[in-house]
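Because the structure is predicted, anything quoted here is derived from the model rather than measured. Here is how names work: the chains are called A, B, and so on, in the same order as the sequence lines, proteins then strands, and each is numbered from 1. Heavy atoms only: backbone and side chains are in, while hydrogens, waters and symmetry mates are out.
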Number of protein chains: 2
Amino acid sequence: MCGVSQDLSTTSYALLGLLVFDGSPSAGLTGYEVKQRADKTLRFYWVSPAMSQVYTELERLARTGLVSYTEEVAGQRRARRFTITACGQQRLQEWLAEPVESFPILKHPVALRLLMAGLVGPDRARTLLQDYLEQLAVRRQDLLEVRRSLGERAAVKYPAMVADWGLDYYDSEARIVQQLLDRLPSTG
Amino acid sequence: MCGVSQDLSTTSYALLGLLVFDGSPSAGLTGYEVKQRADKTLRFYWVSPAMSQVYTELERLARTGLVSYTEEVAGQRRARRFTITACGQQRLQEWLAEPVESFPILKHPVALRLLMAGLVGPDRARTLLQDYLEQLAVRRQDLLEVRRSLGERAAVKYPAMVADWGLDYYDSEARIVQQLLDRLPSTG
DNA sequence: TGTAGCATGTAAGCCGTTACATGATTGA
DNA sequence: TCAATCATGTAACGGCTTACATGCTACA
């Protein structure tokens, strides 16, 4: 059993991970619910895939036996609830045991623009950074709510650590951006 | 002139930006040189596109008149040197003036794995984070060399600010990861 | 009665990568 | 003469998004 088939994308493993942390493993999650959980946690450290991709990935994982599902048909629609299989858990654990080859990828539209700010001048650089500070505060608030919902339960110790990591990151990012603002020539 | 044609990808703008900072604007840069500069700076804040994509993008920018090139034929090969056009500079400035809609995207394989570390235990979590600290040190060193090469010249003030941002980011990341390590149960 | 949220999917297409193929130049 | 580096590209494909299409359920 558990034929290795081909490699999975990191996003596939991420979705498997969401299914593992499913609170009610007997029932499983719908694609819609998986997407909601991805929006809540995954988007801070990876990406939250589009709805359509969630379905595509779950379908693929089902075909390769890493997840299973129960189907309920209501009228013309079917509703599927997905659960990770023993194979799926094993694959996920193997993946977690592998050395991490890749460094984090940061796609930072603000830093990219600041790099070229010589073309548009310090006023634009300033608003760029100020706008970013505002976005950062919103994000931090979103993540803080996630962190609070985790509490101090031992079962979610690692997710809590990762959330704390994210909060610290946002704080340091805000500090750095503020310092950069201080380095810009003043308007007055 | 400067027909607006369609939207460019952020990566296209990034490449245009590399051409703007070309030290010798009369001669221009080859695709190969563009790739080298991307590897040097762009990869820290965006992505360094594959060689093949660099050529594809430059070709597209040339077709829409945002870059021009001079061609030298040597034997069976042609060597093209690309320069940004006035249109290209204008488009780039317009893009820089637009409000930034998107928040940075972080694809963090280490945080993603730590999230699920409950499946594999604290020892694996520890090596995960320790390995990451090592990678981080290497990266920081790479970026530090870039920073040093920029010096304090006014012409590269903004690139220097962005490099400093990156260095501060790596430092704070290392600090946070060290704190997380301290929270893990000790092996002994 | 209509709209918001729950729920599922297909199709088209872009962005980007890896693999592959080729050739020129320089120096050990 | 062989390897490294400079240099240019094509082909195939994967991952992911947007746009589109559909239908059920609850509630205002």
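- Judged purely by distance below 3.5 Å, without hydrogens or angles, the side chains of B:Gln90 and B:Glu94 pair a donor atom with an acceptor atom.
- As a whole-Å value, the separation of B:Phe82 CZ from D:dG9 C1' is 11 Å.
- Rounded to a whole Å, the CZ atom of B:Arg80 is 9 Å from the C1' atom of D:dG9.
- One can place OH of A:Tyr32 at 13 Å from P of C:dA4, the figure rounded to the nearest angstrom.
- Residue B:Lys107 places at least one side-chain N or O under 4.0 Å from the OP1 or OP2 atom of D:dC16.
- The shortest distance between the side-chain N/O atoms of A:Arg60 and the OP1/OP2 oxygens of D:dG15 is below 4.0 Å.
- At the phosphate of D:dC16, OP1 or OP2 sits under 4.0 Å from a side-chain N or O atom of A:Thr11.
- Nearer the 5' end of DNA chain C, as judged by each residue's closest nucleotide, is the contact made by A:Gln36, out of A:Gln36 and B:Ala50.
- One interatomic measurement links the two molecules: CZ of A:Arg37 to P of C:dA7, which rounds to 12 Å at whole-angstrom precision.
- Regarding contacts with the backbone of D:dT17, a side-chain N or O of A:Gln53 is found under 4.0 angstrom from either OP1 or OP2.
- Rounded to whole Å, atom C1' of D:dG23 lies 12 Å from atom OH of A:Tyr55.
- Contact annotation for B:Ala79: backbone-only contact, meaning every heavy-atom pair under 4.0 Å involves sugar-phosphate atoms and none involves a base.
- Ring centers of A:His108 and A:Tyr132: under 6.0 Å apart, within the cut-off.
- Nearest-nucleotide assignment on DNA chain D puts the 5′-proximal partner with B:Glu59, out of B:Glu59 and A:Pro49.
- When heavy atoms are screened at a 4.0 angstrom cut-off, B:Ser48 is found touching the sugar-phosphate backbone but no base atom.
- Residue A:Ser52 places none of its side-chain N or O atoms closer than 4.0 Å to OP1 or OP2 of D:dC16.
- In this model, a donor atom of one side chain and an acceptor atom of the other lie less than 3.5 Å apart for B:Trp46 and B:Thr11.
- We find that CZ of A:Arg78 is positioned 15 Å from P of D:dG23, with the value rounded to whole Å.
- In this structure, A:Glu33 atom CD and C:dG5 atom C1' are separated by 13 Å, rounded to whole Å.
- Rounding to whole angstrom units, CZ of residue A:Arg81 and C1' of C:dT8 are separated by 13 Å.
- Side chain of A:Thr85 to main chain of A:Leu66: a donor-acceptor pair is present (N/O by atom type, distance under 3.5 Å, no hydrogens or angles).
- Residue A:Met116 holds its CE atom at 8.0 Å from CG of A:Leu119, rounded to the nearest 0.5 Å.
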